[in-house]
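Heavy-atom basis, side chains included; hydrogens, waters and symmetry copies ignored. In this chain, residues are counted from 1 in sequence order.
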Amino acid sequence: MFVGRTAELASLRAELRAAGVGSVRRAVVEGPEGIGKTALIRHALDGEAGVRVLAVSGEESERELGLGVVRQLMDEAALLGLGTDERAGGGSGAAFLPDGARSGGIRAAGEVDSCAAGQAVCQLVARSPAPGTLAVVVDDAQWADRASLRALSYVLRHVRAGRVLLLVACRDLADPWLPDGLRRQLAGDGTLLITLGGLSAGDLAELATDPALTAARRERGTYGSPADAAREALAALRSDASRWGAAARRLREHTLGNPLHARALLAVLGPAALADPGVRLPAPETYRRPFARRLHACAPATRRLVAACAVLGGSCPLHVAAAVATGIDEPLNTLEEAVTAGLLRELPGRLIDFPEPLARAAAYDGIGAGARARLHLAAARLADDDGAALRHRAAAADGPDEALAEELARFAAKAAQHGLWQEAAAHLELAAGLTQSPARRDELRTAVLEHVLIGGDVIRAAELAAVRNADPRPVRRYVLGRLALAAGRFDEASELLAEAWRHAEPGFAADVAEQLSWLRLVTGNRAEAANWARLSAGQPIAGPVARPYDVLALGGASGAGAPPGSLAEAVAHLERDEAGQACAVLKRAVTAAEAAGLPHHRLLATALLSVAEHGLARWDEAVARAEAALAEAYALGQRWLLPWLEAACVAPLAARGDHERALAHATAAGVAARRMRHAAGEHQADLAMALLGAGDLPARPGAGALPDERWSGASDLADGRFCAGTGGVVPDPRPARIEALVADGRLEEAERALATYERSGAGGGRRREAERVRLEGLLLAARNVPTRAEEAFGRALELAGAGGCPLEEARALLDLGRLLRRTGRRRAAAERLGAARAIFDRLGARPLVERCAQELEACGLEPPATVRLGLTPQELSTATLVAGGLTNRQIARELLISVKTVEYHIGKIYTKLGIGSRVALAAKLAAYGPEVSFPAGEAG
């Protein structure tokens, strides 16, 4: 299965096509062992019509065989019938070698005539039958004999005609074994150089789906238990991309994306092991064997230094590694041998490390159990960090150790106090492995599950929860209920949390009540959500991670007592239309949640920060934050946040004019919410659809989702609940709805909607008041009361200017300009419209920029699209056809010009518009709307 390498494949195939039209082409592919050079070349050449491939390869054991690769080339040519004639009789390729190079016996590399051999290869290429392209491939050139390499250099210099692609693959073009002349040829300007790096995590995730690898895992019995096999089968059925995504990311870090070693690990490890940070990944045999050969060729002191580095893990000072290894008299000389052998690398500050993660794994795997324990104990004595010392002692333990287990548990408690939840979980996992009591082991594993879950990794927590645990305590019900809530299984969460509450102890009662408040909020019962949040806040022992005031605020029931810097404070600012203050508070909240190690709170704060930045017309920042938070929530498995985070992306995208992406997010929010029966999220999705004009204004969070008595029905719309100003993530869609009604001439409906909007305006700031007055002006203008409408727009401008609301100011200028144009005052209209367009352009509001341009053109004072784009009519015609998907030849036929003229016009268009692709050109023209989408014949 071949994955990735899209750009590299395209480059090689382009060279092959260029060779096919009679131009000799040269290419070199370099990269370390196993990186996929041969696979790339084969994939690029396989299946190409009219291409004959003459492929040979160097071999390490034949490196001293004079002209060995040239002989291979001749023999392969004879087998393929390439270059043979009557004189050769179609026999062995040796017939093509000059007398001095024939194989009457094996000569030393210095005794053979490389130039004569190169000339023979050139003759072979020249006699290749036409038509068709000949691809001459020399793979593993670093193992080819020097005589053949010199002959190859001759070929590269002298083959100048024919349909030929000369392709060389090697590990490193700077390898001193390659002759200087050959290196210069391969590094020259006329040669395509492709340097392969590792595959991406996405490519590795795709590679993991290879049926051959799945079959290999099952055949080797690599599943730890029937439950492991069942979980992977379930993951395969559900196509759980996030689970494989986590595994692929860790595999990418471990192998640096090397496909040879990644495939070897994928054949023996399932996604659960690959994704689990508690499982140490081994080095595959493909890496371990050559590493072991290099290691065993070194002196005993060097082997001890490498083993000490493997136990210490990561970069470490040379003197520490030497002290752990013991018996190293000259550390610098020992390090020099290790670096020369490619086993270690030296870093600034006399630090040493392995060149790649697989090297450390191979070194660690090669240490015997007893030696490993002794090294870990030595490292523990020298460690200056309590956590590291405990981990080394745990690794050296040869059986249960209750005292050490309790030390690990105490250290985990301290780590949790500093928000290091995943580190705490790792130490608790070690403690569980060292205790002899099954009951204590289960208690510790419950704590591991809780810490992993609080640390945000729901996917990892779900895998831990699948392991059998007989812990009977109510706290386990609370932890499992918290997991079910985060995973979007609300019915299961309700049952587990209710049971935990019935038996709650003071130490976790606040956390249980807070989780129940979140559960009631997402399922639509805001009154109960508020009750549970207040109950959580009133517990005698505060939960270490509970944030009940945030639930109150997001549910629209915020009250006194919320701590400063909380989401509750930010929501209060948003309710008062104070986006700037909300933005400052939320940035601090995001930082605080990051420091506390609480991703779920940080993601919620980020969603609201996106809302605040949208209110400040910082749409690029708002989109970037919201989409980054959404991607992280998917990666962590925080499914309960997905509807909110999807919906948070909609408004800033719509404001920028990216309607398709906005609609995709709104649709995804609705799908996720309905799948989970997430009533609050479904309401946000409905609001997002209404904002886009793709749905009606919702009366409650999801029609039929919940009994009507749980919601105030139409009053939710009337008082603006669950919009951005009251803890939601979607701006109020009613202003846009009123504008649409006015535009459609449905003035009575618009008037009723405006009256409802006015009644719900308490607590709004100057921006909201400016918006309300502007809408009133729109309605007056539509009713043909221009004087009062102009006064309304003037008041809206004053309010927007005083409140520092550039977007609302520009909207008022646009509406006033339209009114002035319709009443015959075109120059005054153009002045307002120009000012509005300048603001919209600065804010990146492309749809509103275009609306201003249309109004200015209607004033008769705006130049046509050709002038605004800076194109001639002929260039605009060409650009329109390019954007329509026509090829250069089709455009030439359409405009009755030559293909070269079309190419000239396209080059000028790209330069004038500052773009570099047809896709970018289509997007540029689309921004100008239908006015540039005319038939070509109308351009002139």
Side chains of T667 and M689: does their closest heavy-atom pair fall under 4.5 Å?
-> yes
Okay, side chain of S566, backbone of P563: is any donor-acceptor separation there less than 3.5 Å?
-> yes
Here the ring pair (Phe, Tyr, Trp, His ring centres under 6.0 Å) pairs for residues 440-459, sequence neighbours left out, are W421-H451
Run the salt-bridge test on R477 and E495 with the 4.0 Å N-O cut-off and return the result as yes or no.
-> no
Who are the side chain to side chain contact (heavy atoms under 4.5 Å, CB included) partners of L616, not counting sequence neighbours?
-> A579, C583, R618
Here the pair of heavy atoms bringing V551 nearest to A533 is CB-CB, 4.2 Å
Would E406 and R410 pass as an ion pair if we require N to O under 4.0 Å?
-> no
Salt bridge or not for R661 and D658, using N-O below 4.0 Å?
-> yes
Just do the side chain to side chain donor-acceptor pair (under 3.5 Å) check on E499 and W501 with the steps written out, would you?
-> CA-CA 5 Å; E499 184 179 351; W501 178 254; over 6 Å; no
Walk me through it: do E646 and L630 pass the test side chain to side chain contact (heavy atoms under 4.5 Å, CB included)?
-> CA-CA 7 Å; E646 292 277 14; L630 177 64; 3.3 Å; yes
Side chains of E776 and E758: does their closest heavy-atom pair fall under 4.5 Å?
-> yes
Partners meeting salt bridge (charged side-chain N to carboxylate O under 4.0 Å, His left out) with E798 (sequence neighbours left out) = none
W644 vs V522 side-chain heavy atoms within contact, under 4.5 Å = yes
Using side-chain contact (heavy atoms from CB on, under 4.5 Å) as the criterion, point out the one residue from L609, V611, D620, L608 that pairs with R625.
-> L609
Calculate, to the nearest 0.5 Å, the distance between atoms CG and CG belonging to L483 and L453 respectively.
-> 5.5 Å
Looking at residues at least two apart in the chain, or sitting in another chain, which of them share a side-chain hydrogen bond (donor to acceptor under 3.5 Å, both in side chains) with R602?
-> E594, E632
What pairs with R473 under side-chain hydrogen bond (donor to acceptor under 3.5 Å, both in side chains), at least two apart in sequence or on another chain?
-> D471
Would you please test R774 and E739 for salt bridge (charged side-chain N to carboxylate O under 4.0 Å, His left out) and show each step?
-> CA-CA 10 Å; R774 181 179 62 81; E739 288 192 41; 3.1 Å; yes
Quick one: side chain to side chain contact (heavy atoms under 4.5 Å, CB included) partners of P735, sequence neighbours excluded?
-> D732, Y757, E771, L775
Side chain to side chain, L636 and I459, heavy atoms closer than 4.5 Å = no
Applying side chain to side chain contact (heavy atoms under 4.5 Å, CB included), name anything that partners A655, two or more places apart in sequence or on another chain.
-> H614, W619
Can you find a heavy atom in the side chain of V475 that is under 4.5 Å from one in the side chain of E505?
-> no
Are K414 and D386 ion-paired here, with the side-chain N under 4.0 Å from a carboxylate O?
-> no
Spacing of CG belonging to L586 relative to OG1 belonging to T591, to within rounding of 0.5 Å = 10.5 Å
For E569, all residues meeting salt bridge (charged side-chain N to carboxylate O under 4.0 Å, His left out), sequence neighbours excluded | none
Can you measure from CD (E450) to CD1 (I454) and round to the nearest 0.5 angstrom?
-> 4.0 Å
Side-chain contact test, heavy atoms from C-beta onward, threshold under 4.5 Å: evaluate it for L428 versus L408 and give yes or no.
-> no
Answer with yes or no whether the side chains of H573 and E578 bring together a donor and an acceptor at under 3.5 Å.
-> yes
Check whether any side-chain heavy atom of S517 lies under 4.5 Å from a side-chain heavy atom of E514, and answer yes or no.
-> yes
Over all atoms of both residues, closest heavy-atom pair of L799 and A770 | CB-CB, 3.7 Å
Taking S536 for its side chain and A510 for its backbone only, find out whether a donor-acceptor pair lies under 3.5 Å.
-> yes
Check the pair L691, R737 against side chain to side chain contact (heavy atoms under 4.5 Å, CB included), reporting the backbone distance first and the verdict last.
-> CA-CA 8 Å; L691 185 70; R737 175 66 170 166; over 6 Å; no
Return the minimal non-hydrogen interatomic distance between Q638 and G456, and the atom names on each side.
-> NE2-O, 3.1 Å
Mark yes when over 12 heavy atoms from residues, nucleotides or ligands other than H503 sit less than 6.0 Å from its NE2; otherwise mark no.
-> yes
Kindly compute the distance separating OH (Y478) from CG (D511), expressed to the nearest 0.5 Å.
-> 4.0 Å
State, without any angle test, whether R391 and H427 hold a side-chain donor-acceptor pair at a distance under 3.5 Å.
-> yes
Could you tell me whether E492 atom CD has more than 12 heavy atoms of other residues or ligands within 6.0 Å of it?
-> yes
What residues form a ring pair (Phe, Tyr, Trp, His ring centres under 6.0 Å) with H665, not counting sequence neighbours?
-> none
Rounded to the nearest 0.5 Å, what separation is found between the CH2 atom of W640 and the CZ atom of R489?
-> 14.5 Å
The side-chain hydrogen bond (donor to acceptor under 3.5 Å, both in side chains) partners of R547 (sequence neighbours excluded) come to none
How long is the span from the CG atom in L519 to the CG atom in D491, to the nearest 0.5 Å?
-> 9.0 Å
On a heavy-atom basis, the closest approach of I541 and P506 is CB-O, 3.6 Å
Trace of the side chain to side chain contact (heavy atoms under 4.5 Å, CB included) decision for W532 with W518 = CA-CA 9 Å; W532 280 110; W518 282 114; over 6 Å; no
What residues form a side-chain hydrogen bond (donor to acceptor under 3.5 Å, both in side chains) with E528, not counting sequence neighbours?
-> R520, N525
Would you say the side chain of L604 lies within less than 4.5 Å of the side chain of D550, judging by non-hydrogen atoms?
-> no
L449: what forms a side chain to side chain contact (heavy atoms under 4.5 Å, CB included) with it, not counting sequence neighbours?
-> A461, L464, A465, R476, V479, L480
